[in-house]
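Below: the structure, in C-alpha cells.
Only a predicted model underlies this, so the values are computations on that prediction, with no experimental measurement involved. Below, all heavy atoms of this structure are taken into account, side chains as well, without hydrogens, waters or symmetry copies.
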Amino acid sequence: MESWVRAVVEAIHSSRAQAVIYLAGGASQALGWLLSVPGASGTVLEVVVPYSMASMAQLLGKMPLQFTSKQAAEDMALAAFNRALKLSGPGLQGLRSREEEDKVSSYFLLKAIADGCKVPATIQSDVQEPELPKESVEQFDEDQELQQVIDGQVCMKVYHFSDSMDKNFNRKIILPGSFNPLHDGHLRLLEVASSMCDDGLPCFEISAINADKPPLSIAEIKRRVEQFRKVGKNVIISNQPYFYKKAELFPGSAFVIGADTAARLVNPKYYGGDYNRMLEILLECKNTGTTFLVGGRNIEGVFKVLEDLDIPVELREMFISIPEEKFRMDISSTDIRKKQGP
C-alpha cells in the first residue's frame with residue numbers, strides 16, 4: 001500500500017470512529033487496504049459491495065435513476081450512516097484492537113491446550129496473565145445513553161417493557177407521539193392497529209428532538225418512559241422528529257397516526273409549498289416499505305377519518321384506514337393537561 005494511503009487509513013482508525021462502508025464494485029481494493037491496518041476491527045462495523053443492480057436497489061430501497069451519479073453516491077452515504085447508527089448502539093465503544101485481541105485469544109488458546117494436557121503453561125510470551133488487557137467496553141448508564149441519543153451519537157434507545165418476544169423485531173408497529181401524558185386512547189389505538197397487522201413488534205416512540213422546540217431533557221424523557229414501564233409497553237426514544245427519517249430508521253414498519261397528522265403529511269405547506277417535493281419524500285418512504293395506519297381524529301371540531309382526506313393517488317396504498325367502529329376516542333393529552341392544571 002502506498003504510504004499516503006496508509007496514512008489516510010491509519011487516521012481513520014485513530015479517530016476511534018465506527019463506520020459502515022458501502023463500496024462501488026470498482027473501489028473494492030480499498031477494502032483490503034482498510035482492513036490491513038491494525039485497528040480495523042474497532043472501526044469497521046460492516047462492509048457491503050452492492051455489485052449488481054438488484055443489490056444496489058435493495059440497499060437503497062429504490063432503483064436509482066443512474067447508478068454512477070452524485071445522487072447515487074449521496075444515497076449510499078446516507079444509507080451507510082443510518083446503518084452505522086443502528087449498529088453503534090449505546091456502550092459499544094472502546095473495544096480492544098484486532099492486534100490486542102489476537103494476542104489475548106492466542107494466549108488463552110495455548111493455555112487451554114496446556115490445561116487440557118495437564119501440563120504447566122510455561123509458554124514464553126510478552127503477555128503475562130496478570131497483565132492481560134481487561135475488556136474495555138465502556139458501560140454507560142441510562143442518563144449517558146439518553147444523552148448519546150440527544151447528541152446524535154446513536155439513533156435510538158429502546159425500552160423493552162413488554163414480553164412480546166414472538167413478534168418480528170425487524171418490523172415494528174409504531175405509535176409516535178409526545179405522550180405527555182400517556183392515556184387510554186393511546187393504548188387502545190396501538191392495540192387496534194396491532195390487531196390489523198399480521199406481525200410486527202408494537203412500540204410507542206418519542207422523539208427527544210423537536211423540530212420547533214429545544215430537545216427534551218433527560219429527566220423529562222425518563223419521566224415519560226416511566227409511564228410505559230408501569231403499563232408494560234415498549235417505547236423507543238429516537239432523535240428523529242420527521243417521518244421520512246423515522247422511515248429510514250425503521251424500514252418496513254407501520255406507523256400509527258391520526259387523521260390530523262396524515263393531513264399534514266400530504267400538505268405541501270410543510271414542504272416549502274412544493275407539491276412535487278412532498279410527493280418525492282413520501283414516495284421514498286413508500287420505497288422503504290413504510291405504511292401509515294390512520295385513526296380518526298377531531299380536526300377543527302369535526303371528526304375526520306382517512307377517507308375524508310385528499311391523498312395523492314401515488315400514495316394511497318401507503319395509507320390504511322382504521323375504521324371508526326374499531327377506534328374512536330375523543331381524548332387528547334392536551335385536554336388532560338388542561339384539566340390537571342399547572
Basic-acidic side-chain contact under 4.0 Å: K286, E317: yes

Salt-bridge present (K222, E226; N to O < 4.0 Å): no

I want to check something: taking the side chain as every heavy atom from C-beta on, are [X] and [Y] in contact at a cut-off of under 4.5 Å?
X	Y	result
V225	F179	no
I218	Q147	yes
F204	N234	no
I206	I221	no

Verdict with reasoning, I281 to Y271, per side-chain contact (heavy atoms from CB on, under 4.5 Å): CA-CA 9 Å; I281 287 176; Y271 303 83; 3.8 Å; yes

Transitive ILVMFWY side-chain link [X] to [Y], under 4.5 Å:
X	Y	result
L306	F243	yes
V231	V192	yes
V256	M329	yes
Y275	Y242	yes

Geometric class of the F319/F292 ring pair [parallel <30°, tilted 30-60°, perpendicular >60°]: parallel

